[in-house]
Amino acid sequence: MSRSTAEIVREYGPFPGANHVHGVTYDGERVWFASGDALIAVDPETGAVQRSIDVAAHAGTAFDGQHLFQLAEDRIQKIDPATGRVLATIPAPGGGGDSGLTWAEGTLWVGQYRDRKIHQVDPQTGAILRTIESNRFVTGVTWIDGELWHGTWEGDASDLTRVDPRTGEVLERLEMPAGTAVSGLESDGGDQFFCGGGRSGKVRAVRRPRRAR
């Protein structure tokens with residue numbers, strides 16, 4: 001396993017009225033984050049809030065290219081970002097103990113914090129298709145170029161952890177500075193991760209490690 005220090009590229013926030021940052025996602029233009037009772041969209045270039053959707057937003061957030069998905073207690077909501085309307089809900093696999101959320105391979109991937117698991121879930125029914133176990137608490141979850149990453153947050157320590165998507169073996173860790181929480185995680189599709197900052201009310205951009213071509 002390789003271990004290195006996370007390179008924080010930029011910090012956004014804190015934002016007015018948003019004391020916590022839970023789930024984080026990226027729609028190609030805006031960074032969305034869950035703040036408890038709203039989903040808030042931020043311009044990653046300027047850090048300015050662009051819009052807000054009033055909806056229960058307690059943990060992970062995802063985007064499938066058209067819709068937002070949001071964990072709210074024991075369910076996952078499918079949301080039209082244009083109108084803010086909840087179009088459908090499915091049960092969350094952890095029954096309220098869920099954390100991260102991302103979209104990949106036509107399915108949802110849901111973290112379970114204290115159970116240290118990541119579930120692949122049918123977005124139509126909520127049925128669990130497979131489960132990956134990690135040896136760390138799981139907060140945010142994301143996929144990029146076939147790599148499965150998740151955030152961790154245990155006590156005063158957080159990191160970004162890459163695991164083998166077949167076995168759950170930890171392959172790589174990017175260690176965040178002490179006291180810097182990771183409550184949500186999403187790739188920008190390139191060389192950055194967006195990380196929720198928990199009680200700090202911030203979103204942070206972290207450099208993704210370069211890969212040999």
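Closest approach of Thr180 and Ser158 over heavy atoms only: O-CB, 3.2 Å. When all heavy atoms of Lys202 and Val21 are compared, the closest pair comes out as O-CG2, 3.5 Å. Summarising the geometry of Ala59 relative to Asp98, their closest heavy-atom pair is CB-O, 3.8 Å, with the distance given to 0.1 Å. Closest approach of Cys195 to Val206, counting heavy atoms only: SG-CG2, 3.8 Å. Pairing each heavy atom of Gln112 with each of Asp115, the nearest pair is NE2-OD2, 2.8 Å. For Thr61 against Ala34, the heavy-atom pair with the smallest separation is OG1-CB, 3.6 Å.
The closest side-chain heavy-atom distance from Arg136 to His150 is below 4.5 Å. Between Trp153 and Ser183 the shortest side-chain heavy-atom distance falls below 4.5 Å. The closest side-chain heavy-atom distance from Phe193 to Leu185 is below 4.5 Å. Inter-residue side-chain proximity for Glu29 and Asp43 is flagged as unmet; no heavy-atom pair is nearer than 4.5 Å. At a threshold of 4.5 Å between non-hydrogen side-chain atoms, the residues Val141 and Val110 do not count as touching. In this structure, Ile90 and Leu108 have side chains that are in contact, with non-hydrogen atoms separated by less than 4.5 Å. Two residues are said to be in side-chain contact when any heavy atoms from C-beta on lie closer than 4.5 Å; Gln70 and Lys78 fail this criterion. Counting heavy atoms from C-beta on, the side chains of Thr139 and Thr152 never come closer than 4.5 Å.
Both Val55 and Trp32 sit in one connected hydrophobic cluster of ILVMFWY residues. Membership requires side-chain heavy atoms under 4.5 Å apart, directly or through other members. Criterion: ILVMFWY side-chain heavy atoms under 4.5 Å apart, direct or through other members. Under it, Ile53 and Leu71 are not part of a common hydrophobic cluster. In the hydrophobic clustering of ILVMFWY residues, with side-chain heavy atoms under 4.5 Å counting as a link, Phe69 and Tyr26 come out apart. Under the 4.5 Å side-chain contact rule for hydrophobic residues, Leu148 and Met1 share a cluster. In the hydrophobic clustering of this structure, Phe33 does not group with Leu39; members are Ile, Leu, Val, Met, Phe, Trp, Tyr whose side-chain heavy atoms approach within less than 4.5 Å, directly or through other members.
In this structure, His119 contributes its side chain and Pro93 its backbone to no donor-acceptor pair below 3.5 Å. Side chain of Glu172 to main chain of Arg3: no donor-acceptor pair is present (N/O by atom type, distance under 3.5 Å, no hydrogens or angles). Panel note: side chain Thr107, backbone Asp122; no donor-acceptor pair is recorded below 3.5 Å. Between the side chain of Thr102 and the backbone N or O of Thr142 there is no donor-acceptor pair closer than 3.5 Å. The backbone N or O of Thr25 sits nowhere less than 3.5 Å from a side-chain atom of Arg30 that would complete a donor-acceptor pair. In this structure, the side chain of Ser99 engages the main chain of Gly111 through a donor-acceptor pair within 3.5 Å.
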Worked check of salt bridge (charged side-chain N to carboxylate O under 4.0 Å, His left out) between Asp145 and Arg208: CA-CA 12 Å; Asp145 293 340; Arg208 178 184 170 222; 3.2 Å; yes
**Report entry** Criterion side chain to side chain contact (heavy atoms under 4.5 Å, CB included) on Thr131 and Ile118, from CA distance to verdict
**Finding:** CA-CA 6 Å; Thr131 298; Ile118 300 168; over 6 Å; no
Practice problem: Please step through side chain to side chain contact (heavy atoms under 4.5 Å, CB included) for the pair Glu7 and Thr5, ending with a clear verdict. | Solution: CA-CA 6 Å; Glu7 180 187 349; Thr5 300; over 6 Å; no
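Ala104 pairs by the side chain to side chain contact (heavy atoms under 4.5 Å, CB included) definition with Trp109, Trp143, not counting sequence neighbours. Ala205 meets the side chain to side chain contact (heavy atoms under 4.5 Å, CB included) test with Val9, Arg10, Tyr12, Gln192, Phe194; sequence neighbours excluded.
For an aromatic pair to be called close, the ring centres must be under 6.0 Å apart, and Phe63 with Trp103 fails this.
Heavy atoms of other residues, nucleotides or ligands lying less than 6.0 angstrom from CZ of Arg130 number more than 12.
One finds no salt bridge joining Arg116 and Glu133 here, because no Lys/Arg side-chain nitrogen approaches an Asp/Glu carboxylate oxygen to under 4.0 Å.
Glu186 contributes atom CD, which lies 9.0 Å from atom CG of Leu101 (distance to the nearest 0.5 angstrom). Between atom CD of residue Glu147 and atom CG of residue Asp164 there is a gap of 11.0 Å, rounded to the nearest 0.5 Å. With rounding to the nearest 0.5 angstrom, the CD atom of Gln77 is 13.0 Å from the CZ atom of Arg85.
Using a 30° and 60° split on the angle between ring planes, His22 and His20 fall in the parallel class, below 30°.
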